[in-house]
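These numbers come from the heavy atoms of this one structure, side chains and all, not from hydrogens, waters or symmetry mates.
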Amino acid sequence: FLTAFLFRTQLQVHNYAHSLPLGKQQMQVRLLDSPRANTYGYKANALVQQVLSHEGWVPAHSKIVLRIADSAVANVLCRGDRLEVSARVMLPRQPKAADTFNYPQYLRRRNIYYVAYCPITTRPDDPPTLLLSHPSPIHGLLMVQRRWCRHLEDRSMESQSVALAQALLLGNRDHLSDTTQVRFRTAGIAHLLSLSGLHVGLFAALLSFVCRPLGRRRWSRTAILVLQLSALVLYLLLTGDAPSTRRATLMFVFLMVGQHMHTPPPLANSLAGAAFLMLFVNPSLIYDVGFQLSYTAMLAIIMIYIPLWRNLKDSYPSLQPSNVDPIWHRISVYIIQTALFATLIQLSTMPLTLYHFHSFPTYFLVANMILTPLLPVLMMGALASLCFGAIPGLGPVVVALYSFMARGVDWITSAVAALPHALLEPVFFPLPAALLTMVLLVGWAVVLNKKIISDDLWDDSCVNQLIYKNKLI
């Protein structure tokens, strides 16, 4: 694994070492991801393939961040599109202070050394600054996503409710206001807006429910598996192929294939296999913040949360509720389990959060305990509004219920974010401190698993629980 990773990394560093001339340039580029809205318009990573010089088109091979000012143009582009652009190439701006996010360093670790600004055409007779020359093969999926977004906008919902539904179902946060995103980040629940294992797990559970009537014969089970895997891959492409979504999709692919072959793989092996494939295809992903947070959280679930919760249940039998227990007892156990889960995930990702973003949400536990259990209900409400919102009689009721839940989420988030000292910033947390903290967490996990590492930690019942209850992946 290390040999393949280092070999691929050296190849990639060599390939992307070519320099670009600064200033206004005419270039042919290929988008490496779909444009995303930010404070300055839209941006997307792109690979420069040719640059126009006085001698004609000259081959190039350099990655850039392409900033697009025209929203009408950015909304019809997706990953894989080939463009001809007229843009101003610049170096990334250096940070103003040592305790702020080092954007140039972040880009360099992803083999990106330039930022290109593509402005809006100011005069009617000027040539366009961006032309779509060769659409991507998955360009049609972008049109499907845009159509679904328009269907949600036609459901007579508030703009923020529509934006929240688009973020939860499609991973599209372009229409979420900056204020809403800041509130989610301050409350410590920004991960709910990023498609990850929980979102993919709910989609997989919905697929299993829909395919259940097809039967359990061997040929039908194989057909169901192919259908489910195809749907998961399409959903991955439809939602933008983010690292966290890709990781969850690969893990579900391994687990579903293993279940079909009656040899479910250990959860840790599925995680390692997903990481190997992703890093072999693109080694620079190891510097992606989303990749780091996603895998760190998943490792914490496997190495800390599962054994610790099992230890607690063995030590305190009252933490194993049954159907005959009073409802208040089952609720209290669920609260303890949710609090433990949220705390361990936040603590495991805290070194990376402090190092990259120099901030820490103080009341993360309160917000996660309230809103994380509501996320599946909220997603089902958004999906029901999309599917049944246009039906007379039923549609207005479904839309009203979802809008009520969305307003409740917004109110809770606003209340938590408005608490005093809700976000501690700036927090200077250098790389050595982050590495030392991660080493301490790994040591704790090793000590915790010393008496538990055995086959029963990764047995079939554990994998089945993770797949069908969709609580951890």
Side-chain angles (χ1 to χ4, degrees), residues 164 168 183-194 196-199 201-202 205 267 293 296-350 353 360-381 401 404-423 441 444-445 448 452 457 461-462 464-473:
L164 184 61
L168 293 177
R183 283 202 299 257
F184 270 80
R185 187 162 55 250
T186 303
I189 52 173
H191 60 277
L192 298 183
L193 299 177
S194 301
S196 58
L198 180 58
H199 304 75
L202 290 172
L267 190 58
L293 292 174
T296 301
M298 198 62 210
L299 280 173
I301 292 172
I302 297 174
M303 301 302 298
I304 299 179
Y305 171 75
I306 293 179
L308 183 59
W309 182 244
R310 286 194 172 189
N311 271 345
L312 289 175
K313 289 195 298 183
D314 292 340
S315 303
Y316 303 96
S318 60
L319 292 178
Q320 302 183 18
S322 61
N323 294 331
V324 298
D325 291 331
I327 185 66
W328 63 267
H329 181 259
R330 281 179 280 174
I331 292 176
S332 62
V333 171
Y334 179 77
I335 291 175
I336 294 174
Q337 186 177 8
T338 304
L340 178 65
F341 181 82
T343 303
L344 289 177
I345 297 301
Q346 194 70 38
L347 290 178
S348 64
T349 57
M350 182 183 66
T353 304
F360 185 78
T362 309
Y363 305 106
F364 71 91
L365 185 58
V366 177
N368 277 277
M369 289 184 62
I370 298 175
L371 294 180
T372 301
L374 297 179
L375 181 63
V377 180
L378 195 63
M379 288 185 63
M380 291 299 104
L401 289 175
F404 175 77
M405 290 188 293
R407 286 194 297 269
V409 169
D410 186 69
W411 182 85
I412 295 172
T413 307
S414 302
V416 174
L419 293 174
H421 308 292
L423 187 67
L441 287 173
W444 181 33
L448 188 64
I452 307 178
L457 181 60
S461 62
C462 178
N464 288 334
Q465 179 184 10
L466 292 168
I467 295 177
Y468 297 111
K469 293 189 177 181
N470 305 301
K471 289 185 178 179
L472 302 180
I473 294 182

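For the pair Lys313 and Trp309, the minimum side-chain heavy-atom distance is below 4.5 Å. When side chains are defined from C-beta on, Leu374 counts as touching Leu371, because their heavy atoms get closer than 4.5 Å. Using a 4.5 Å heavy-atom cutoff, the side chains of Met298 and Leu267 are in contact. For the pair Leu312/Leu340, a side-chain contact is recorded, criterion being any heavy-atom separation below 4.5 Å from C-beta on.
Of the possible polar contacts, none joining the His199 side chain to the Leu193 backbone as a donor-acceptor pair under 3.5 Å is found. Side-chain N or O atoms of Thr362 include one that pairs as donor or acceptor with a backbone N or O of His421 at under 3.5 Å.
Contact between Ile345 and Ile301 at its shortest, heavy atoms only, is CD1-CG1, 3.4 Å. Between Thr413 and Ala187, the shortest heavy-atom contact is CG2-CB, 4.2 Å. Across every non-hydrogen atom of Met405 and Val377, the tightest pair is SD-CG1, 3.6 Å. When every heavy atom of Pro373 is checked against every heavy atom of Asn368, the shortest pair comes out as CD-O, 3.6 Å. When all heavy atoms are compared, the tightest approach of Leu202 to Met379 is CD1-SD, 3.5 Å. Taking every heavy atom of both residues into account, Leu344 and Tyr305 meet most closely at CD1-CA, 3.8 Å.
Relative ring orientation between Phe360 and Phe364 is described as perpendicular, the plane-to-plane angle rising above 60° on a 0-90° scale split at 30° and 60°.
Taken from OG1 in Thr343 to CD1 in Ile304, the straight-line distance is 12.0 Å, to the nearest 0.5 Å. If you take NE2 on His191 and CG on Leu375, they are separated by 8.0 Å, rounding to the nearest 0.5 Å. Interatomic distance, CG of Leu423 versus OG1 of Thr186, reported as 5.0 Å (0.5 Å rounding). Rounded to the nearest 0.5 angstrom, Met380 CE and Leu168 CG are separated by 10.0 Å. Atom CG of Leu299 and atom OG1 of Thr349 lie 12.0 Å apart (nearest 0.5 Å).
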(message) For a side chain to side chain contact (heavy atoms under 4.5 Å, CB included) check, start with the C-alpha distance between Leu164 and Leu378, then their side-chain angles and the critical distance, and finish with the verdict.
(response) CA-CA 10 Å; Leu164 184 61; Leu378 195 63; 3.9 Å; yes
(request) Kindly determine whether Asp410 and Arg183 satisfy side chain to side chain contact (heavy atoms under 4.5 Å, CB included), including the steps that lead there. (result) CA-CA 9 Å; Asp410 186 69; Arg183 283 202 299 257; 2.6 Å; yes
